[in-house]
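Reading through the structure tokens given below for one structure.
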Amino acid sequence: MLTTIARSVSARTSTAVLATGLRAYSAKIAVVTDDTLDATLLAAKGPVLVDFYADWCGPCRMLAPQLEQVAAAHGDALTVVKINTDDAPDASAKHSVSALPTVVLFKGGREVDRFMGVKSQAQIEAFLKQHASSK
């Protein structure tokens, strides 16, 4: 899904648009909204890692580079998206997001697990590996 993003997209852009109509956060991560989250979860061919964040959240900014690395390492096998909780209150409420950052792993449109707070790339990889065989 995210392979259509131009490699020249900068790491902090929010103006590039993917072929799917989603805004690009970076070369490997798209921005979803209340209106596009469910469709994105259902359309994904594999697992989806959703980062519920806010621009004002310091820990969210600290987590971003680790998510970039994870997205790059997994390529098309994992879809990583970000959703700004200030702009998407409905999705935040629907998924019971009460702290930031909250990262939720979905498979087949259903939540598999989540974590809150800043994690290293190795910790995120371990989190994904733990759920690699779950459906």
Side-chain angles (χ1 to χ4, degrees):
M1 176 166 123
L2 296 178
T3 57
T4 58
I5 304 173
R7 297 275 183 226
S8 62
V9 175
S10 72
R12 292 288 178 195
T13 186
S14 62
T15 57
V17 177
L18 306 176
T20 59
L22 300 176
R23 287 186 306 133
Y25 179 82
S26 70
K28 292 287 182 185
I29 298 177
V31 175
V32 294
T33 65
D34 276 339
D35 296 330
T36 60
L37 177 61
D38 289 340
T40 300
L41 295 175
L42 293 173
K45 291 184 169 65
V48 181
L49 199 61
V50 180
D51 175 22
F52 288 86
Y53 79 102
D55 290 333
W56 50 262
C57 171
C60 298
R61 290 192 301 270
M62 292 171 58
L63 180 63
Q66 284 74 263
L67 292 175
E68 291 284 345
Q69 293 168 342
V70 167
H74 288 267
D76 292 338
L78 175 70
T79 300
V80 181
V81 298
K82 296 177 78 68
I83 185 163
N84 188 322
T85 58
D86 290 335
D87 297 337
D90 294 340
S92 301
K94 177 180 178 180
H95 296 287
S96 303
V97 174
S98 60
L100 297 178
T102 294
V103 178
V104 183
L105 179 64
F106 291 89
K107 289 185 176 181
R110 294 184 171 195
E111 180 176 340
V112 174
D113 200 358
R114 66 175 57 203
F115 68 83
M116 291 176 274
V118 179
K119 304 280 186 201
S120 69
Q121 180 182 358
Q123 290 171 315
I124 298 169
E125 292 290 354
F127 171 79
L128 293 170
K129 186 175 181 181
Q130 174 184 353
H131 300 292
S133 62
S134 66
K135 292 184 179 186

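Below, each value reflects all heavy atoms present in this structure, side chains not excepted, and no hydrogens, waters or symmetry copies.
Atom OG1 of residue T102 and atom CG of residue L63 lie 10.0 Å apart, to the nearest 0.5 angstrom. Rounded to the nearest 0.5 angstrom, L37 CG and I83 CD1 are separated by 4.5 Å. Here the CG atom belonging to L105 is positioned 6.5 Å from the NE2 atom belonging to H131, to the nearest 0.5 angstrom. Here the NZ atom belonging to K28 is positioned 11.5 Å from the NE2 atom belonging to H74, to the nearest 0.5 angstrom.
L67 and V118 end up in different hydrophobic clusters when Ile, Leu, Val, Met, Phe, Trp and Tyr side chains are linked at under 4.5 Å. A continuous path of hydrophobic side-chain contacts links V31 to L78 [ILVMFWY only; heavy atoms under 4.5 Å].
Residue pairs meeting the salt bridge (charged side-chain N to carboxylate O under 4.0 Å, His left out) criterion with at least one partner in residues 117-131, sequence neighbours excluded, are absent.
Nearest heavy-atom pair across S120 and Q123 is N-OE1, 2.8 Å. Of all heavy-atom pairs spanning F115 and I124, the tightest one is CZ-CG1, 3.9 Å. Nearest approach of T36 to T40, heavy atoms of both residues: O-OG1, 2.7 Å. Considering every non-hydrogen atom in both V80 and A71, the closest pair reads CG2-CB, 3.7 Å.
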Please table the atom pairs, donor to acceptor, closer than 3.5 Å between any side-chain atom in residues 45-60 and protein atoms at least two apart or in another chain.
residue, atom, partner, partner atom, Å
D51, OD2, K82, NZ, 2.4
D55, OD2, N84, ND2, 3.4
W56, NE1, D86, OD2, 2.7

Report all side-chain donor-acceptor pairs from residues 90-101 shorter than 3.5 Å, counting only partners two or more places apart or in another chain.
residue, atom, partner, partner atom, Å
S92, OG, A88, O, 3.0
K94, NZ, D38, OD1, 3.1
K94, NZ, D38, OD2, 2.8

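Applying the side chain to side chain donor-acceptor pair (under 3.5 Å) criterion to E111, with sequence neighbours excluded, gives R114.
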